[in-house]
2 protein chains.
Amino acid sequence: MSTPENGGAVYRRYLSAVMLHGHAGAKAVGMGATDLYALNVLGLGGSMTPGELGRRTGLTTGPTTRLIDRLEQAGYVRRVPDPDDRRKIIVELVARPGGLDEVLAPARQKIGAIVQGYSPEQQAVLFDYFARAADAYLDATTELHDKRA
Amino acid sequence: MSTPENGGAVYRRYLSAVMLHGHAGAKAVGMGATDLYALNVLGLGGSMTPGELGRRTGLTTGPTTRLIDRLEQAGYVRRVPDPDDRRKIIVELVARPGGLDEVLAPARQKIGAIVQGYSPEQQAVLFDYFARAADAYLDATTELHDKRA
DNA sequence: CCTAACCTCTTCCTTAACGAAGAGAAATCT
DNA sequence: AGATTTCTCTTCGTTAAGGAAGAGGTTAGG
């Protein structure tokens with residue numbers, strides 16, 4: 001069993017496994033790395049314009065258009081006109097049968113089973129951690145992004 | 001605060017944040033997606049031959065050679081001759097100052113601080129979860145990989 | 001021994017993705 | 001109203017990455 005003493009190693013292994021799994025899933029549905037990245041950006045940031053998506057993915061306008069083309073053609077995303085500004089377009093996620101979400105679902109079920117093996121109090125600790133850690137990672141990611149600019 | 005009721009959403013957000021952060025870090029040090037993937041494979045599986053690495057990354061021999069070339073030139077990896085079989089080469093990870101690990105370190109420190117905010121019993125729950133979840137993800141990744149073959 | 005199998009690397013070709021620059025359409029400002 | 005700014009999209013050229021096929025060196029089996 002793992003203890004806080006070897007926590008660093010345990011955590012690193014966990015992170016690697018998560019990243020590996022995400023990447024493998026993307027590959028299994030024939031998706032490139034930038035596409036997966038963009039999907040995560042949309043999942044976290046909600047619907048946004050191509051310009052905003054390009055900014056957050058670090059792409060210029062040309063590749064951004066084609067990134068959205070790919071995602072739209074694959075059915076992950078939809079282009080919706082902005083009612084307030086007719087120059088703009090809003091890119092929004094779309095539930096896609098047979099898509100990445102379904103490919104990744106088996107793993108999430110396993111995780112769900114693991115989590116349910118804990119007591120309610122323990123589960124509360126886990127979910128509290130998830131929420132806090134997500135914020136920390138998003139902060140750190142923003143810093144990474146700023147450093148590049 | 002998060003509760004098990006909205007646990008699915010919380011967890012998805014957490015996963016997206018982790019993946020986003022890894023990808024952003026890789027980009028910040030000028031590393032492609034496959035390179036990051038290979039680094040994770042090596043971190044999880046330990047040193048291995050180019051053939052094995054190629055198999056696990058889903059690459060043929062040509063791109064595998066150049067993948068290792070890139071990683072070696074960037075200082076993340078080292079080629080060592082296999083003492084038992086002189087046809088073989090062993091690729092092993094190398095600690096790299098200024099590399100991906102250091103770029104990602106600030107986030108890990110934040111995570112460390114979060115974890116230390118919990119009681120010892122709660123920390124034990126977290127580390128237990130990390131270990132179990134890593135196994136689950138690795139299993140699921142293997143299944144993904146097999147499905148493609 | 002000497003042939004067959006194995007492992008890595010090299011070479012050539014194709015494909016995919018990105019950046020830069022500019023066109024077209026719509027909103028904002030004077 | 002007219003000019004400027006702001007979006008998105010298109011096009012062109014470049015670069016990076018992957019697949020296929022074969023060469024060179026090494027081990028294993030007849």
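Letters go in sequence order (proteins before strands), and every chain restarts at 1. All values below were derived from every heavy atom in this structure, side-chain atoms included, with hydrogens, water molecules and symmetry-related copies excluded. As the structure is a computational prediction, the values presented were derived from the model and not from experiment.
Protein atom CD1 of B/Ile90 is 13 Å distant from nucleotide atom P of C/dC9, rounded to whole Å. Distance NZ (B/Lys88) to P (C/dC6): 12 Å, rounded to an integer number of Å. Between the CD1 atom of B/Ile68 and the P atom of C/dT10 there is a distance of 11 Å, given to the nearest Å. Distance, A/Met48 CE to D/dT8 C1': 16 Å, rounded to whole Å. The distance from atom CG of A/Asp82 to atom P of C/dA27 is 10 Å, rounded to the nearest whole Å. Computed from coordinates, the A/Leu53 CG to D/dT8 C1' distance equals 13 Å when rounded to whole Å. B/Arg55 places its CZ atom 10 Å from the C1' atom of C/dC7, with the value rounded to the nearest Å. In this structure, A/Asp85 places its CG atom 9 Å from P of D/dT8, rounding to the nearest Å.
Comparing D/dT10, D/dT26, C/dG19 by their closest approach to the side chain of B/Arg86 singles out D/dT26. Out of D/dT10, C/dC18, D/dG18, the shortest distance to the side chain of A/Thr34 is found at C/dC18. When each of C/dT8, D/dC9, D/dC7 is scored by its nearest atom to the side-chain atoms of A/Ile89, the top-ranked nucleotide is D/dC9. Listed nucleotides C/dA17, D/dT26, D/dT8 differ in distance to A/Pro50; the shortest reach to its side chain belongs to D/dT8. Of the candidate nucleotides D/dT5, D/dT8, D/dT27, D/dT27 has the atom nearest to the side chain of B/Arg87. Between C/dC12, C/dC7, C/dG22, one nucleotide has an atom nearer to the side chain of B/Arg66 than all others, and that is C/dC12.
Ring geometry for B/Tyr14 against B/Tyr11 counts as tilted: the plane angle lies between 30° and 60°, on a 0 to 90° scale.
Side-chain atoms of A/Gln122 and B/Asp128, non-hydrogen and from C-beta on, never get closer than 4.5 Å to each other.
Side chain to side chain, B/Asp35 and B/Tyr76 fail the donor-acceptor criterion of an N or O pair below 3.5 Å.
Remark: A/Thr61 is not in phosphate contact with C/dG19, judged by side-chain N or O atoms under 4.0 Å from OP1 or OP2.
Counting any heavy atom pair closer than 4.0 Å across all strands shown, B/Thr49 reaches sugar-phosphate atoms only and no base atom. Here A/Gly51 lies in heavy-atom contact (under 4.0 Å) with sugar-phosphate atoms only.
In terms of polar N and O atoms assigned as donor or acceptor, the side chain of A/Thr60 never comes within less than 3.5 Å of the base of C/dC18 in a complementary pairing.
Interatomic distance, CG of A/Leu39 versus OG1 of A/Thr57, reported as 12.0 Å (0.5 Å rounding).
Comparing B/Thr65 and A/Asp84 along DNA chain C, the residue whose closest nucleotide (by nearest heavy atom) sits nearer the 5' end is B/Thr65. Residues B/Arg79 and A/Leu67 each lie close to DNA chain C; by heavy-atom proximity, the contact nearer the 5' end of the strand is made by B/Arg79.
In summary, A/Asp135 and B/Lys110 do not engage in a salt bridge, as defined by a charged side-chain N under 4.0 Å from a carboxylate O.
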